[in-house]
Amino acid sequence: MTAAPTPTRLTVGPHTFDALAAGPADGELVLLLHGFPEFADCWTDELIALAAAGYRAVAVDQRGYSPDARPEDIADYAVEHLVADALGFADALGAPRFHLVAHDWGGLVAWALASAHPERLLSLTVLATPHPEALYEAMNNGSDQRERSQYVRLFRQPGHVAEQGMLADDAARLHTLYRGALTEELIESNVRRLTEPGALTAGLNWYRAINDELRVPAGKITVRTLYIWGTEDMALGRDAAELTAKHVSAPYRFVPLEGATHWLPEADADRVMPLLLEHLAG
């Protein structure tokens, strides 16, 4: 039986990040990036399966989620800094090239990284999140994506309105974000960490650092790509998911998971992992 992931720490620039690692040290690196509001342990099942397949799998509590990587300025959460962090993780792990796997906000970082630094990637896998340009197009083409994305505008309101709303009544709204898709143990663990001073604000600053068009800069993808999307995703609709194909000019596979929600790493690892392992093997 494969051992549980081991806690580790990665230093990138002035920040130190908490991470989970599994698998042989000499295995090909698979770097996993979480979304909002999640942490590295959303990937626990994937880390164990990747390790069993011989990969060196590392998931990181990203900028704002690691207590020792929590700058206060909103500008410090701009996408270019998040991309630089991810490249720094790979550098710290001694991997000139690596497989990148990402979910939700981590997916936006992954698309941006893949378009700007394709030479660093062996493959790209994104869960839930469409290519940023596909998302922008869907928000402006009359589909239901603009309505689905209204929560982003709430998150961006000044005066910490979103934090106050999510943390009221013993973080009742924060609990409901997970929509019953996660185990109670993981929900309580997430909520406990997000209620630490400054943690939720740091996670929301990812949204606040993007421009008023809600447009994350990313170009054409030239890396072999797997994109998995859940048909019951409340935040990200089919239109943006299907538009993603035109932004990839490399071998590309799009897999809609029937009945799956937004929380693919935690709730659908059993369906994600066979697809991921096939993709990584290339």
[Y] backbone acceptor or donor facing [X] side chain under 3.5 Å:
{"X": "S149", "Y": "V152", "result": "no"}
{"X": "H262", "Y": "L236", "result": "no"}
{"X": "D104", "Y": "F36", "result": "yes"}
{"X": "S66", "Y": "R63", "result": "no"}
{"X": "T176", "Y": "R173", "result": "yes"}
{"X": "Y77", "Y": "P71", "result": "yes"}
{"X": "D73", "Y": "A75", "result": "no"}
{"X": "R120", "Y": "P96", "result": "yes"}
{"X": "Q62", "Y": "H34", "result": "yes"}
{"X": "T244", "Y": "P130", "result": "no"}

Any side-chain heavy-atom pair of [X] and [Y] under 4.5 Å:
{"X": "V248", "Y": "L124", "result": "no"}
{"X": "V30", "Y": "E46", "result": "no"}
{"X": "R253", "Y": "H279", "result": "no"}
{"X": "R153", "Y": "R146", "result": "yes"}
{"X": "E266", "Y": "Y178", "result": "no"}
{"X": "D239", "Y": "D144", "result": "no"}
{"X": "L50", "Y": "V101", "result": "no"}
{"X": "W43", "Y": "E38", "result": "no"}

- Query: Crowded around E213 CD? As in, over 12 foreign heavy atoms under 6.0 Å?
  - Reply: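 More than 12 within 6.0 Å, yes.
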- Around atom CD of E72, are there more than 12 heavy atoms of other residues, nucleotides or ligands at under 6.0 Å?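 No - once you tally the heavy atoms of other residues, nucleotides and ligands closer than 6.0 Å, there are 12 at most.
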- side-chain contact (heavy atoms from CB on, under 4.5 Å), paired with L100, selected from L122, V126, L33, T125: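 Answer to the side-chain contact (heavy atoms from CB on, under 4.5 Å) test with L100 among L122, V126, L33, T125: L33.
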- Task: From the options Y136, W105, W111, select the one residue that forms a side-chain contact (heavy atoms from CB on, under 4.5 Å) with V216.
- Result: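 When Y136, W105, W111 are each tested with V216, the side-chain contact (heavy atoms from CB on, under 4.5 Å) holds only for W105.
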- Would you call R193 and D41 a salt bridge, taking side-chain N to carboxylate O under 4.0 Å as the test?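 A salt bridge is present here (some side-chain N lies under 4.0 Å from a carboxylate O).
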- Candidate pair E163 and L204, rule side chain to side chain contact (heavy atoms under 4.5 Å, CB included), full reasoning: CA-CA 8 Å; E163 291 94 319; L204 289 166; 3.5 Å; yes
When clusters are formed by joining ILVMFWY residues with side-chain heavy atoms under 4.5 Å apart, either directly or through shared neighbours, do [X] and [Y] land in the same one?
{"X": "L257", "Y": "L277", "result": "yes"}
{"X": "L167", "Y": "L194", "result": "yes"}
{"X": "Y65", "Y": "F155", "result": "yes"}
{"X": "M166", "Y": "Y151", "result": "yes"}
{"X": "L177", "Y": "L264", "result": "no"}

So, for [X] and [Y], which heavy atoms are closest and what is the spacing to 0.1 Å?
{"X": "A181", "Y": "A267", "answer": "O-CB, 3.6 Å"}
{"X": "A114", "Y": "V223", "answer": "O-CG2, 4.3 Å"}
{"X": "H15", "Y": "F17", "answer": "CB-CE1, 3.6 Å"}
{"X": "A134", "Y": "A240", "answer": "CB-O, 3.5 Å"}
{"X": "A138", "Y": "S143", "answer": "O-OG, 2.8 Å"}
{"X": "R70", "Y": "G198", "answer": "CD-O, 3.8 Å"}

- Take T201 and R208 through the test side chain to side chain contact (heavy atoms under 4.5 Å, CB included) and record every step on the way to the result. CA-CA 10 Å; T201 292; R208 293 165 180 157; 4.0 Å; yes
Would you give the length of the straight line joining atom [atom1] of [X] to atom [atom2] of [Y], rounded to the nearest 0.5 angstrom?
{"X": "R156", "Y": "N205", "atom1": "CZ", "atom2": "CG", "answer": "11.0 Å"}
{"X": "L32", "Y": "L276", "atom1": "CG", "atom2": "CG", "answer": "7.5 Å"}
{"X": "E119", "Y": "L121", "atom1": "CD", "atom2": "CG", "answer": "8.0 Å"}
{"X": "D68", "Y": "D61", "atom1": "CG", "atom2": "CG", "answer": "11.0 Å"}
{"X": "D45", "Y": "D270", "atom1": "CG", "atom2": "CG", "answer": "8.5 Å"}
{"X": "L113", "Y": "I221", "atom1": "CG", "atom2": "CD1", "answer": "9.0 Å"}

- Using 30° and 60° as the class limits, which term best fits the ring planes of F254 and Y252: parallel, tilted or perpendicular?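 Parallel.
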- Message: Under a 3.5 Å cutoff, is there a donor and acceptor pairing between the side chains of T222 and S249?
- Response: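 Result is no, nothing qualifies.
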- Item | Single hit among R97, H99, R56 for side-chain hydrogen bond (donor to acceptor under 3.5 Å, both in side chains) with E28 |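 So, applying the side-chain hydrogen bond (donor to acceptor under 3.5 Å, both in side chains) to E28 and each of R97, H99, R56, only H99 qualifies.
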- Message: Applying the side-chain hydrogen bond (donor to acceptor under 3.5 Å, both in side chains) criterion to E137, which one of H131, Q145, K246 satisfies it?
- Response: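 So, applying the side-chain hydrogen bond (donor to acceptor under 3.5 Å, both in side chains) to E137 and each of H131, Q145, K246, only K246 qualifies.
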- Hey, do the aromatic rings of F98 and F89 have their centres closer than 6.0 Å?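 Not close enough - the centres of the two rings lie 6.0 Å or further apart.
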- Go through L243 and N141 one step at a time and tell me if the side chain to side chain contact (heavy atoms under 4.5 Å, CB included) criterion holds. CA-CA 11 Å; L243 286 168; N141 69 358; 4.1 Å; yes
- Task: Taking side-chain contact (heavy atoms from CB on, under 4.5 Å) as the test, write out the residues that go with D170, two or more places apart.
- Result: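 Partners of D170 under the side-chain contact (heavy atoms from CB on, under 4.5 Å) test: none.
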- Message: Between I187 and H175, does the side chain to side chain contact (heavy atoms under 4.5 Å, CB included) criterion hold? Intermediate values first, please.
- Response: CA-CA 7 Å; I187 291 173; H175 279 87; 3.6 Å; yes
